[in-house]
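To start, the structure under review is shown below, and the notes come after it.
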Amino acid sequence: MPPSIKSNWNSGMDYGFSVIRKMMWLVGVWPLQHDDMVCTYRWIIIFIIESLTVITLILEPLQNCGDTKDLLEVFLIIETGFHSWMNVVFARIYMKKLAVNVNSAIDDWSSSLTQKNSYKLMTRYARLGRIITVSQLMCGLIAAIVYNITIVVTNKPQIVIIGNETINLWTFVIPSTCLYRGISYSTHKALLLMQIVQSFILFVAECASDSFFFAITMHLSGQLELLRIRFVELIAKSGINNYRRILSTWIRRHYKLTMLAKNIEDTFNVIILIRLLITTIVIAVSGLRMLVSAKHQNFVDVVKSMIFVQFFIVQSFLFTHAGETLREQSESIVSTIYGTKWHKLPPVIVKDLIFIMMRSKIPLQITAGKFFYVTRSTTTDILKTALTYISFLQVTMDE
């Protein structure tokens, strides 16, 4: 076990975060290695590779060499590159904050070993995180392999005439046909191999950060549910001598969970905002393309557009479901305490509970760039906005 892993890393923590730890280690952003120099050098290399990839993706559309591309596919690849770059950058900036969350999760799993009910509840949340992580990893890996194989197998030079010069245009994994126009076949093979490696780095960086967000947020939601259960159990045992001391312990625990939620919010709010905005644009453009393609009986583009829409809706689920679950578990503390027999407790204890309820009335929520809260209704809002754009664009095209 690496020295950066706490000694009490156990099977429960391994079940929930082992796959994510390996992916984040690969791109140099595993939080518990924020002081490790080897990890830092690895991150610098990944950062340079991803920065060059993003620059290439931005410069390529500015070139005009007669190449014909599917603009929507090019846009999606640009979005993937930029999203992966942001994941690597923000995860590194907030590495120490995320390390606090990971260390807290390790301690939670260690303490839960002595309490069977707590372990079962935490395992339920960890299982969902693991399912989402593995599913996203496998689907993304299959898509990346199929895409790369398609590029390699169907790659033939496209001959164009620019001025008085005849130039060979090669297809690349990362759109850069115009940037590398006129190169030899051997140079093309070397660049293609390099870009295959780049594409898998982008894929790992994107999956790692999104999966980590989902898993760590779901773990925090599980801890809020455990806290709610402990408040209820404590109120039911009002006759114990050290009642106020135990109650103060759970109050401090609630404050700590609030700080952990703030760490997640600070790290991911900008990423979520950009991701949801792009999701709205992609759904709108893909929806319009489906209508146009269906009118011209181009059913291949219809299927491709449907796949794009489904992919981005599933991606938004990672953020909206986790945000909704966190909010629900945070709000449930107030309603659960109010539903107990608190009125039979001594006045001094009731006053403590009132303060707890006042604080819990402000739920823990994830925002998109501090502009709006991310909940399940955000998905429907995205679809409504996208449909509005589709209607507007369709009317504009008809005119």
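- Ring geometry for Phe213 versus Phe319: interplanar angle of 30 to 60°, hence tilted.
- When all heavy atoms of Leu364 and Ser330 are compared, the closest pair comes out as N-OG, 2.9 Å.
- Neither Leu193 nor Leu179 shares a network with the other; the hydrophobic side chains, linked directly or stepwise wherever heavy atoms of I, L, V, M, F, W or Y lie under 4.5 Å apart, form separate groups for each.
- The minimum heavy-atom distance linking Gly369 with Leu273 is given by the pair N-CB, 3.6 Å.
- With respect to Lys262 and Glu265, no salt bridge is recorded, no charged nitrogen being found less than 4.0 Å from a carboxylate O.
- Here the CD-OG1 distance, from Glu328 to Thr325, works out to 6.0 Å after rounding to the nearest 0.5 Å.
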**Request:** Check the pair Val374, Gln365 against side chain to side chain contact (heavy atoms under 4.5 Å, CB included), reporting the backbone distance first and the verdict last.
**Result:** CA-CA 7 Å; Val374 178; Gln365 299 191 85; over 6 Å; no
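- With Thr53 contributing its side chain and Ile49 its backbone, the two residues share a donor-acceptor pair below 3.5 Å.
- Separation of atoms NE2 (His219) and CG (Leu224) is listed at 10.0 Å; rounding is to 0.5 Å.
- For the residue pair Val54 and Gly81, the shortest heavy atom distance occurs at CG2-O, 3.6 Å.
- Tyr119 and Trp109 have perpendicular rings, their planes meeting at more than 60° on a 0 to 90° scale where under 30° would count as parallel.
- Both Phe317 and Ile382 belong to a common hydrophobic cluster when Ile, Leu, Val, Met, Phe, Trp and Tyr are linked at side-chain heavy-atom distances under 4.5 angstrom.
- Evaluation of the side-chain hydrogen bond (donor to acceptor under 3.5 Å, both in side chains) rule for Ser221 yields no partner, not counting sequence neighbours.
- The 12-atom threshold is not exceeded at OH of Tyr373, counting heavy atoms of other residues, nucleotides or ligands nearer than 6.0 Å.
- Using a distance-only test at 3.5 Å, with no hydrogens or angles considered, no donor-acceptor pair links the side chain of Ser377 to the main chain of Thr375.
- Residues Ile281 and Glu79 have side chains not in contact (no heavy-atom distance under 4.5 Å, counting atoms from C-beta outward).
- Val19 places a side-chain heavy atom less than 4.5 Å from the side chain of Arg130.
- Going from atom CG of Asn101 over to atom CD1 of Ile264 covers 5.0 Å, rounded to the nearest 0.5 Å.
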**Message:** Go through it in stages, so that I can follow the logic: the residues are Ile106 and Leu32, the test is side chain to side chain contact (heavy atoms under 4.5 Å, CB included), and I'd like the CA-CA distance, side-chain angles, deciding distance and then a yes or no.
**Reply:** CA-CA 11 Å; Ile106 294 173; Leu32 298 188; 3.9 Å; yes
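- Heavy atoms of other residues, nucleotides or ligands lying less than 6.0 angstrom from NZ of Lys120 number 12 at most.
- Residues Thr133 and Phe17 form no side-chain contact, since every pair of their non-hydrogen atoms from C-beta on lies 4.5 Å or further apart.
- A continuous path of Ile, Leu, Val, Met, Phe, Trp and Tyr side chains, each step under 4.5 Å between heavy atoms, connects Leu277 with Leu318, placing both in one hydrophobic cluster.
- Classified by interplanar angle (parallel below 30°, tilted 30° to 60°, perpendicular above 60°), the ring pair Phe47/Trp43 is parallel.
- Residues Gly222 and Leu121 share a closest heavy-atom pair of O-CD2, 3.5 Å.
- Grouping Ile, Leu, Val, Met, Phe, Trp and Tyr residues whose side-chain heavy atoms lie under 4.5 Å apart, directly or via other members, places Met259 in a hydrophobic cluster with Tyr255.
- No continuous path of ILVMFWY side-chain contacts below 4.5 Å connects Met23 to Val38, so the two sit in separate hydrophobic clusters.
- The side-chain heavy atoms of Ser211 and Ile132, taken from C-beta on, include no pair separated by under 4.5 Å.
- Under 3.5 Å, the side chains of Tyr125 and Gln329 contain a donor-acceptor pair of N or O atoms.
- One hydrophobic cluster, built from ILVMFWY side chains closer than 4.5 Å, holds both Ile274 and Ile78.
- Under the 4.5 Å side-chain criterion, counting only non-hydrogen atoms from C-beta, Arg92 is in contact with Thr40.
- Asp210 CG to Ile272 CD1: the interatomic distance, rounded to the nearest 0.5 Å, is 9.0 Å.
- Checking Thr56 against Gln195 by side-chain atom types alone, no donor-acceptor pair falls below 3.5 Å.
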**Prompt:** Is there a side chain to side chain contact (heavy atoms under 4.5 Å, CB included) between Val102 and Met13 once you walk through the steps?
**Reply:** CA-CA 9 Å; Val102 174; Met13 189 66 186; 4.0 Å; yes
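- A distance of 13.0 Å separates CD1 of Ile278 from OG of Ser316, quoted to the nearest 0.5 Å.
- With a 4.5 Å cut-off on side-chain heavy atoms, Glu206 and Gln136 do not count as touching.
- Looking at every heavy atom in both residues, Asn269 comes nearest to Lys370 through OD1-N, 4.0 Å.
- Using a 4.0 Å cut-off between a side-chain N of Lys or Arg and a carboxylate O of Asp or Glu, Arg42 and Asp36 do not qualify as a salt bridge.
- The heavy-atom pair separating Leu57 from Pro175 by the smallest distance is CD2-CD, 3.6 Å.
- For the pair Thr280 (side chain) and Leu276 (backbone), a donor-acceptor distance under 3.5 Å is present.
- Put simply, the side chain of Arg327 reaches to within 4.5 Å of the side chain of Glu324, judged on heavy atoms.
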**Request:** Check step by step if side chain to side chain contact (heavy atoms under 4.5 Å, CB included) holds for Ser118 and Arg230.
**Result:** CA-CA 10 Å; Ser118 299; Arg230 285 164 181 165; 3.4 Å; yes
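- The OG1 atom of Thr336 sits 9.0 Å away from the CD1 atom of Ile229 when rounded to the nearest 0.5 Å.
- Here the side chains of Phe268 and Thr217 are not in contact, with every heavy-atom distance at 4.5 Å or above.
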